[in-house]
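Chain letters run A, B, ... following the sequence lines, proteins first and then strands; every chain starts at 1.
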Amino acid sequence: MSARLGSLMPWLALALLFIVTPQILSSATALTMTSLMGVMIIFALSYNMLLGQTGLLSFGHAVYFGLGGFVAIHTMNAVIHSKLPVSIPMIPLVGGLAGLAFGALFGLVSTRRAGIVFSMISLGLGELVSSSSFILRSFFGGEEGVTTNRAKLAPFFGHRFGSQLEVYYLIAAWCFFCVAAMYALTQTPFGRMCNAVRENPERVEFVGYSPRVLRLIAFCFAAFFAGVAGALGAISFEIMNAQQLGSQQSSLVLLMAYIGGVGSFAGPIVGAVIITFLQITLSDVTNAWQLYFGLMFIGAVLYAPDGVVGWLRMHLRVVRRGAAWRLAPAYALVAPALALAGVGAIMTIELANRQLAQARSEGSAMRLFGLDVDASTAWPWIVAVGLFVLGASGVRLLWPRVGEAWGDVNARLQIRSGA
Amino acid sequence: MKFRFACLALAWAISAAPALAEDAIKIGFIDPLSGGGASIGEIGLKTYQYLADEASVSGGLLGRKVEIVGLDNKTNPQESLIQAQKAADQGIRIITQGNGSSVAAALSGWVTKYNDRNPGKEVIYLNYAAVDPVLTNDKCSYWHFRWDANSDIKMAALTNFMKGKPNIKKVYLINQDYSFGQAVRTTARSMLKEKRPDIEIVGDELHPLLKITDFAPYVAKIKASGADTVITGNWGQDIALLLKAAADAGLQTDWYTYYAGGAGGPTGIKQTGLAHRVFAIVEGFPNSAPEAAQKWEAAFRAKTGVGLFYPRAVNEMRMLAMAVNQAKSADPKAIAAQLEGMKTEGFDGGEIFMRKEDHQLFQDMYIGSFGPLDPGAKFDEEGTGWGWKLAGVIKAKDTILPTTCKMERP
Amino acid sequence: MLQLITFSALNGVLYGMLLFMMASGLTLIFSMMGVLNFAHASFYMLGAYFGFEISRRIGFWPGLVLAPLLVGAVGALVERYGLRRVHRLGHVSELLFTFGLAFVIEEMVQMVWGKLPVDYRGPPSLDFVAFRLFDTTYPAYRMFMLSVAVAMFVVLLALLTRTRVGLIIQAALTHPDMVAMLGHNVPRIFMLVFGAGAALAGLAGVIAGPALVTQPAMATLLGPILFVVIVVGGLGSLTGAFVASLLIGLLQTFAVAMNFSLAEVFGPTAPPFLDDLWRVTIAQLAPVMPYILLVLVLIVRPTGLMGTRES
């Protein structure tokens with residue numbers, strides 16, 4: 001009984017979090033952003049059904065997000081036009097079904113093979129659909145896209161969903177439902193077979209399943225949830241356009257899933273929250289935000305292939321066993337060096353950005369970490385590069401200690417669990 | 001745990017948004033400030049900052065300073081809506097935008113719905129460069145005002161000019177395959193048919209937007225058609241690459257363009273060596289501008305290092321100042337009421353007016369050709385030593401087109 | 001008409017050869033290391049920018065030699081200090097690494113050389129008309145591009161079939177473990193191949209830079225097409241890459257020349273809901289052609305035209 005309660009706790013916490021968020025962050029911008037996060041959580045999770053769970057690396061997942069959104073927005077306009085008694089909360093289902101339909105259609109073509117062939121077909125289909133969006137103008141609305149007014153649909157128990165707060169709760173409810181559904185799916189035999197397809201398709205065949213059919217089913221599920229996300233996005237912004245199904249959106253979802261961690265269920269959720277937040281706020285702070293995104297991605301691939309959640313989980317395990325203090329000294333040594341290197345790197349990038357990209361038009365004077373500096377003089381550069389080199393060599397020098405500490409901790413934990 | 005952390009970070013970031021100085025009138029400038037579109041967005045931002053400083057130094061509006069807040073939309077409509085929301089949250093009630101009709105359509109729709117749902121907090125949207133005709137026709141909004149001539153008006157002006165050029169006999173149309181390119185193509189066809197029925201349209205090409213790396217195949221086609229004139233609405237790399245391929249193949253035609261003067265365009269034309277074969281239609285050229293405007297341009301160039309690519313921005317800010325001063329209020333409702341039907345003297349001369357029916361500004365349009373500077377001409381472009389030379393003027397009254405706008409007034 | 005066909009063929013072959021210059025390196029890297037290098041087109045872009053920088057300081061011809069070498073060095077460094085680290089994590093991680101790298105290179109190029117196209121010109125000595133046919137001129141620079149591409153093809157062919165290094169590479173294509181067991185330093189071969197592939201892409205960039213526009217988007221414009229080429233040709237097959245390059249080059253160029261649409265064939269009234277599709281001309285579809293080809297080929301023949309392996 002208590003174990004069941006324990007497994008329910010995270011869900012209650014999640015629900016509570018969804019409910020109280022607007023009380024803490026009540027500004028309209030925060031609401032728009034949290035709404036977008038909800039949409040992206042569903043999208044990233046649906047992507048991870050492919051990448052993390054079934055081992056299919058897709059470069060065109062935004063196709064189903066976008067098509068779901070377009071069908072949803074056309075449905076909304078049709079409902080408004082013919083005054084049908086359909087209200088907003090039903091629309092995401094329409095988007096999901098559209099995603100499912102297109103997923104089944106394109107999935108038939110693309111899931112026949114796994115690996116590189118699958119990736120390349122997804123890339124080709126993605127380009128094909130986004131290029132055709134300029135040709136099939138009446139459906140995709142050309143460059144301006146298709147707009148709607150969500151408040152004109154039939155009210156849902158008195159709610160017209162004009163305000164962003166109502167939309168937030170709608171998205172939160174759908175998000176909660178989708179997260180739960182996708183989690184449940186991973187626990188079913190089907191979810192386990194998907195993992196098996198990822199690990200060893202040959203053995204799957206020996207057990208009597210067709211990896212191809214399993215891939216197709218997983219693909220359809222992923223497309224369904226991507227369609228739901230697309231429809232929710234369409235409701236939130238009241239506009240859909242071709243950019244939403246292009247390669248940029250497809251790369252974004254890959255970034256989210258990977259940074260958060262494809263190895264765990266919660267990974268893409270965290271990734272979606274982090275990346276959405278950074279995407280919207282980072283551009284206020286620096287012009288070079290895309291460079292930071294790229295570096296962050298490379299850094300994750302090189303040093304944290306399990307993503308943020310994988311990293312946290314690794315430590316949580318140690319903390320639970322009460323062995324965190326064994327890591328602390330090594331971390332305390334490395335952390336300042338790491339911070340130094342990070343600050344140095346950011347300073348160098350910002351100085352370079354100022355001097356190379358902006359100095360001609362806006363002058364080389366700038367504010368860096370609260371200090372007024374001139375990027376055309378040598379001193380800031382010496383400091384920045386010096387900090388970076390100092391920090392980086394510190395990390396290089398001290399990192400073996402972290403390795404040792406981990407080796408120590410792992411050995412002890414193993415002994416204890418063995419005994 | 002991690003959620004709470006994320007929330008805290010979020011709350012911090014939002015509360016850390018720059019605090020407002022109550023006295024300044026803020027204008028949100030929503031355009032690409034990072035990524036590929038930034039080269040154009042930054043020029044716009046600089047122009048507006050210069051104009052805001054100018055207004056502030058000379059006493060401000062109602063004694064309040066004017067401040068431009070740059071908001072990076074990454075040329076993405078959805079992102080633009082978030083930025084507009086951000087602006088509204090910060091108490092910014094005037095926004096201006098120009099690059100990309102997709103963004104403009106999204107913003108215009110957003111402003112209309114936002115004002116509907118948030119009475120008393122209205123936001124006004126001043127459009128300085130998005131030229132899709134639909135914004136002042138079927139999708140017009142009371143809260144949207146446009147200072148640039150829309151693409152139909154430009155084509156009307158261009159064809160009025162071509163009417164008097166008997167050497168034009170065979171025209172080839174090549175445009176980008178999206179709403180703007182389509183609009184250029186269809187109006188060019190219908191207007192040429194009406195004004196110069198003897199002109200033969202020997203080709204009508206649509207190519208994908210910003211995806212062509214080599215225009216040689218298209219140029220081979222133009223060549224094969226025997227055209228003597230090409231009309232194109234291409235911008236960005238699509239105009240530069242097209243002209244380059246044409247010069248390579250020795251194509252001898254005249255080019256009537258919308259955006260040959262855009263950032264990077266003059267450099268491209270200079271490279272091809274097509275002196276005075278490339279024409280562009282704009283609302284003013286520095287070399288033919290009135291005395292005051294030339295002086296202004298010189299000061300602007302000295303300060304910013306670029307030419308004034310948006311004379312309409314000057315018109316926009318001056319008319320905004322007039323509206324605020326006449327209404328004695330910076331409330332968007334009052335501003336909108338003043339701007340409707342406003343008449344004044346344009347930056348490049350002539351009377352300009354904001355048509356009440358659709359909020360489209362009408363102004364004299366100028367056609368110029370690009371080539372080596374004439375003696376006495378002061379302004380070259382992008383340091384090429386070449387500049388624009390006036391070829392013709394079309395009066396504002398000759399550019400007036402009907403509108404299908406059914407304005408819904410609050 | 002004859003004029004259009006001649007020049008379309010010339011342009012198509014030129015474009016195809018340019019594609020092959022990049023696709024050959026990509027194929028080599030893929031078949032030896034199993035890495036689908038997403039940053040390959042970025043090396044092409046780096047080649048163009050390095051060439052530009054050198055040409056405005058020393059001249060075009062030194063740039064033609066130095067820039068590809070520099071790009072090759074950058075490629076070798078990327079392999080040594082980046083790819084080799086992720087190698088143990090599997091092919092997906094390697095692929096994602098290059099995917100991120102492409103982003104970073106583009107951003108850095110924008111930072112250093114700006115977002116607008118740069119004024120990269122060919123040498124004045126090639127600034128003349130090569131020949132004039134049916135009143136259309138063909139610039140000498142394009143002839144030069146074509147001959148460089150052909151020369152590179154011949155050299156590559158000779159290198160692979162006639163030399164010892166070529167033999168090892170060919171062996172490593174199919175039996176990497178066996179080659180390692182024979183005592184060859186496979187990691188070093190990998191580094192050299194990656195560097196050489198990057199240098200080839202760089203060379204393509206140096207000669208294409210002045211003819212097409214040198215700008216930060218040039219990598220993103222060509223990148224996806226390159227994948228189409230090597231997948232359609234068959235992963236790991238150089239001949240396949242060659243055939244596919246030419247096929248796609250000609251297909252795209254000739255498609256541009258055609259104005260047919262369904263409306264012209266079946267009459268102007270379209271069946272319901274197909275109005276847009278009815279009016280699309282083949283010329284409008286030209287840039288989509290490679291992707292249609294890709295999907296079709298992979299449905300019919302998942303190994304590509306000449307490939308033998310699937311992953």
Practice prompt. For atom CZ of B:F279, decide whether the heavy atoms of other residues, nucleotides or ligands shown that lie under 6.0 angstrom number more than 12.
Written response: yes
Worksheet item: Tell me, side chain or backbone of C:P210 under 4.5 Å from chain B's heavy atoms, or both, or neither?
Response: backbone
Worksheet entry | Pairs of heavy atoms under 4.5 Å with chain C: top-ranked of B:K221, B:H207, B:E205 | B:K221
Worksheet item: Is chain B contacted by the side chain of C:Y141, its backbone, both, or neither, given a heavy-atom distance below 4.5 Å?
Response: neither
Discussion item. Less than 4.5 Å to any heavy atom of chain C: does that hold for the side chain of B:D177, its backbone, both, or neither?
Written reply: side chain
Fill in: Heavy-atom pair of closest approach, residues B:P217 and C:V256
CB-CG1, 3.8 Å
Response to the item:
Counting heavy-atom pairs under 4.5 Å with chain C, the top scorer among B:D204, B:T267, B:D248 is B:D248
Worksheet item: At a heavy-atom separation under 4.5 Å, does C:T253 approach chain B through its side chain, its backbone, both, or neither?
Response: both
Worksheet item: Rounded to the nearest 0.5 Å, how far apart are CG of B:D214 and CG of C:L14?
Response: 7.0 Å
Response to the item:
Most contact-rich option vs chain B, by heavy-atom pairs under 4.5 angstrom, among C:P139, C:G12, C:A286, is C:P139
Worksheet item: Tell me, side chain or backbone of C:A208 under 4.5 Å from chain B's heavy atoms, or both, or neither?
Response: neither
Fill in: Contacting moiety of B:K244, where chain C heavy atoms sit under 4.5 Å
side chain
